Structures are given as C-alpha cells and as structure tokens.
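Since the structure comes first, as structure tokens, the remarks are kept for the end.
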Amino acid sequence: MSAMTRLLRQLNYDLLIFRRNPAGSFFTVILPLIFLVLFTSIFGNETLENGAKVATLYVPGILTLAIASATLVNPAITMTTRRERGVLKRVRSTPIPPWVFVLSQALSGFVIAAFMTVVITLIGRVFYGVELQWETLPNLVISLLIGSAAFSAIGLAMTTIIPSEDAAPAVTNAIMLPLYFISGVFVPSTTTPGWVDAVGNLFPVSHLNQALQESYDPFADGPAWPWNHWLVIALWGLVAAAVVLKSFRWTPNR
Amino acid sequence: MQYLGGRRSRNILGGRHFVVARRLDRPGFPTRACLSALVRATVRELLRKVGPVTLAIAVHDLHMHYGDFTAVDGIDLEVEHGEVLAFLGSNGAGKTTTIEILEGFRKRTSGTVEVLGFDPEVAPLSWRERIGIVLQESEPVPELTAGEAVFMQAGYYTSPRDPVETLELVGLATSADQRTRKLSGGQKRRLDLALALVGDPDLVFLDEPTTGFDPSARRESWGMIEALRDLGKTVLLTTHYMDEAEQLADRIVVIGAGKVVARGTADDLAAQVNATTRISWRPKLTDAQPPSGLGAQIDPATGIARIDTDDSLVVLHQLTNWATETGVQLPELNVARPTLEDVYLQLTEGTGR
C-alpha cells in the first residue's frame, strides 16, 4: 500500500472525526459565521464614499479567524487530547509512518480552511456585496496555502508546551484571543494605536490578516504579491516546524 | 523441575507435561486451552530438535537509569515463541519501564535487547507489523464507532486480520456501530484488544491488563487473554497480581527493585519458599505459651499464632497433644499451604519496591 493511499485514507478519517466533534466544528465553522453576521449587524454595512462596502474590512478578518481555528487551534487541542489519551502512542505502535499521520492532520486542517474560505467569500459576496476580484484570487489562494501550512506547524509546536488535555483549550485561547485583537481580526487596525500594531506585527496572525486584506482590495488593478507578509508567516512556520521535529511527543505526560 | 530458562529441558516435553498437568488439575480450566497448549508445546519441542531455537524476546543485562535513580538493574529475560510470560512486580519495580523499552518507546541505558530479531531502538517500521500492544490507560478516538476504530487501525498494517472477524473475536460484533465513548469500561478493554490484534501480530504486549478492574471484568479479561494463547500468540504481560500471573502465564518472572528475584512456573516459585505449610490459631491472652520447640510466633498486629513447617503432621500432633494436656483451646485452628501471595511477598521482601 502506497504512502499516498494511507495518507488519503487517514485524511478521510480525520475529516470524519472533525465533523463529529461538536466543539471543533462549532468554533471553526459556526462561530466565524456568527461573528460575520454580528459585526455587520452591529457596525453596519454602509457603502463608503469610494463605493466599497464596510464588510470588505470584516470578511478578511473573519477568514483569518476561520483559518487559524481550522489549522492551528483545533489541531493543537485535538493532538494534545490524543496524546494524553494514548491515541498517539497507539499510532506509534503501528507500522504507519509518523509523517503520514501528522501530514494528514495538517491536510484536514487545510481542507476545512479552504472550505471556510469558499463559504465566507460566497456569503460576503451574496449578502454583503463584498467583491473578490479575479486579479487578486491568486493572492487569496497562496495566502491560504502559506497560512495553513505555517499555522499547522505552529499548532503542533504549541502542543509541546501544553501539559494536559484540560489545559489545551485554555492555553491555545490565551495565546490566540489577544492575538486576534491586536492583529486587526476583530477591530480594523486603522483604529488601533500604533504600538498595538507594532506588537501585532511581530506575530503571524496579523500578517495573514493583512495579506488577506490585500487580496480583498476592491480597488486592486492587478495581482499584488504581499511578499513581506508571506515571508513573516513562513518564517514562523519554519521555526515551529523545527520545534516540532525536536520536541513533539507521542506519549502522554502522566 | 528444569524449566527455568525456558530454553532446554532434558527430557522431551518434560517441562510442558508438568505445566499442562498442573493446569488440568485446576478446576474450571478450559480443556481446549490445555489441549492446544499441549499441541503447541509438542510442536515447539519438535522444532527445537530440528534447529536452534529463536526467541521472541531476548534481553541481557538490561539497565535503565534516570539520573541517580536505577529503574532497571540488570534484567535478563528470554521468551519463546508461543509462550505466555508474566512479568510480576509491585508498582515501581521496573515492569513498565522494561516493557516500554521492549516496545521501542524508551531508550535503555545499557544492555542488549532483541524483540523478534530486532533491537527495538533501531527496528524498522515493518517490525511493528508483527507486534501488538495493549496500552495501559489508552482511550479509543471518541468520535469513531468501535467498528470504524478497528477498520482505521487495520489500515495501518500491510496484511491485517479481517476487522469484522476481529470484532467478533473479542465479542464486540454487536456493538460495532456504537461510538467508542458510549462503550462500557469492559467493552473499551475489548476494543483495546481488538486494536492490538487487528494487525495480526506474532507478539502481544499487555501492560497491566486488569489493573483497576472489578472481579467480573477481570475474569472476562482473563478469558480474552486465554483466547490469545489459543491463537498461538506470544504474550508478555505485566501484572502486580499473583493470581493473574498464575492463571494466565506459562512462566512467571518476579522483579523487585529493578532486578529479577525469581523465575519459573507458579509451582517453581512456591517451591522456592522454605515453609510448605502454615499452622495458625488465635490464642487467648490468658493461655499458656506453647512449647518453644514448636517455633510458634505471634503476629502482634493480628494476635494470630503461627507455625511455618515442612513437617506439618508431626508438628500438628505435638501441638494438639500439648493443647489437650494443658487444656488450652486452639480457636480458629487452621492448616494451610502458603498462598502464592505469601510466596510473592516473601520473594520481594526487602527490595522495598
């Protein structure tokens, strides 16, 4: 049996497990959509002087939230839980190559993130008049790819500092929630003080958000390549991958 | 009885006859298992005559240190193909450390280890095709059904057992559509076993398979482990229950403080303890002391007097003579062989763990 067959088979199971996990599905699929509806209801969706809709600012932020949830938060919690319950140890006791198992987890996060990208883009277009131009579509796809890959690595790296199953949601949210706020995900960065932006810019969430904002730019007259943002995200991903290779554990802490 | 090393016995089937005979004596023991043990023992003896014996597990002078702490202190171990071996010791004796080294989850400090012909530290992934592990306190994936969990696990192996048949084997066929988090404790353990067996391993590790079980769940687990014997699997199980080791294993290796303190069949172990019979009674405080020649000792905690002896008839005769002559009653008079629990405690005495 080829490694590819094994990978696809495991991916199938990982997606099945995700669909059946109420917490994971809610925070990744439902909550971002609720936020999108809430934001446009609370802050309104006027048409600005330049003709763009206000929701053009919300959609990329919500998308950042969904991608981070699908590829970072959810896998970090899932993998910690599996480690502490001995599921990972059992996987290691079988002849399946470890990378197949890890890559499948990352791919399932990517599939969910891609699904959410399509859903949020469609909702933004149909209900809130947020236009996505063909010229900037490649930006969106590349940002999704780079973001998913890097965030998957960061999520796995986070499991190395999470001591227990109970601590997993607490630790990941304690790190991610403040990051969302200082990265322009909930509050557009045009309204935040400069030092907040400066701190936010140290971390990859802000850069994914900015890259996505560029791909939703309604006035883009050609594809823009947000190299600087991609570079920062990729660097974070590489550092995280190094941490994973060095410190990822398959056996429970207890 | 020369069946200690497990490698050679002077007369063909010598050791095996003994084990089988002992098991047949035991009431309630399934005859099928006895016969299959006999058949496999015969086959093994024949194979031994044809060529050199390859061992399923060979461990020599195994050491494991954590800083200043010595968890395993020079263990030797040999397990034959098709044998059920119990690794018996109290908590902290070094059982789990040793089994995790054999499973390839832990790097040893020193010593040689061969499991199915490979050093677990450097064994290729294909080595794991032949090994099944029932992990202590491992949970199945809660979102999957029992059947899905077994099918997923089967997909990890090149030539697995039929998952449906494996579910039937452990008695989970009717619960295959249940989510694993809805399974009862006993059903979860059955699932653990199904997951360990679905790769069709030659060697199965069971780390404390019944710790924390109620008596009926233990009996049930024992039945399943007996079924492994019928399948011809080599089994290494760790336990801190003497009765479990006696019930399930062909041979027992007792460890204390990281060292092997005794090994052999349950009867071999019993024979290693000096006293074969214990006479006990509960004397009144006002009673006269029995003659010192009898060697009676009174346990200060329980107030029970006891005499350990190899010559129970003579001692009992002297004791009852003395009692009738002095008019002393011997309430709760009891004559018994020491239990294997006593044997175990005596063997591990002084090791501290």
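A quick note: this is a predicted structure, and the numbers were derived from the prediction, not measured. Values below: all heavy atoms of this structure, side chains included; hydrogens, waters and symmetry mates excluded. Throughout, a chain's letter reflects where its sequence line sits, starting with A, and its residues are numbered from 1.
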Backbone N/O of [Y] and side chain of [X]: donor-acceptor pair under 3.5 Å:
| X | Y | answer |
| --- | --- | --- |
| B/Arg190 | B/Val170 | yes |
| A/Thr64 | A/Val185 | no |
| B/Arg106 | B/Met64 | no |
| B/Lys233 | B/Leu228 | no |

**Request:** Tell me, for B/Ser159 versus chain A, whether the close heavy atoms (under 4.5 Å) come from the side chain, the backbone, both or neither.
**Result:**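 No part of B/Ser159 comes within 4.5 Å of chain A.
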**Prompt:** Which atoms of B/Glu148 come close to chain A, meaning under 4.5 Å heavy atom to heavy atom: side chain ones, backbone ones, both, or neither?
**Reply:**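 Both parts, backbone and side chain.
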What part of [X] lies closer than 4.5 angstrom to a heavy atom of chain B: side chain, backbone, both or neither?
| X | value |
| --- | --- |
| A/Arg19 | neither |
| A/Pro22 | neither |
| A/Phe101 | side chain |

Ignoring hydrogens and geometry beyond distance, is a side-chain donor-acceptor pair present between [X] and [Y] at under 3.5 Å?
| X | Y | value |
| --- | --- | --- |
| B/Asp207 | B/Thr238 | yes |
| A/Thr28 | A/Asn74 | no |
| A/Thr78 | A/Gln105 | no |

**Prompt:** Do the two ring centres, one from A/Tyr13 and one from B/Phe151, sit under 6.0 Å apart?
**Reply:**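 No.
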**Item:** Residues of residues 111-131 of chain B within contact distance of chain A, non-hydrogen under 4.5 Å
**Value:**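 Result: B/Leu125, B/Arg128, B/Glu129, B/Ile131.
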**Message:** Exactly one of B/Ile57, B/Ile252, B/Leu77 should register a side-chain contact (heavy atoms from CB on, under 4.5 Å) with B/Leu85. Which one does?
**Reply:**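 Checked B/Ile57, B/Ile252, B/Leu77 against B/Leu85; only one passes side-chain contact (heavy atoms from CB on, under 4.5 Å): B/Leu77.
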**Prompt:** With respect to chain B, which residue among A/Leu16, A/Thr94, A/Ile96 yields the maximal number of heavy-atom pairs within a distance under 4.5 Å?
**Reply:**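 That would be A/Thr94.
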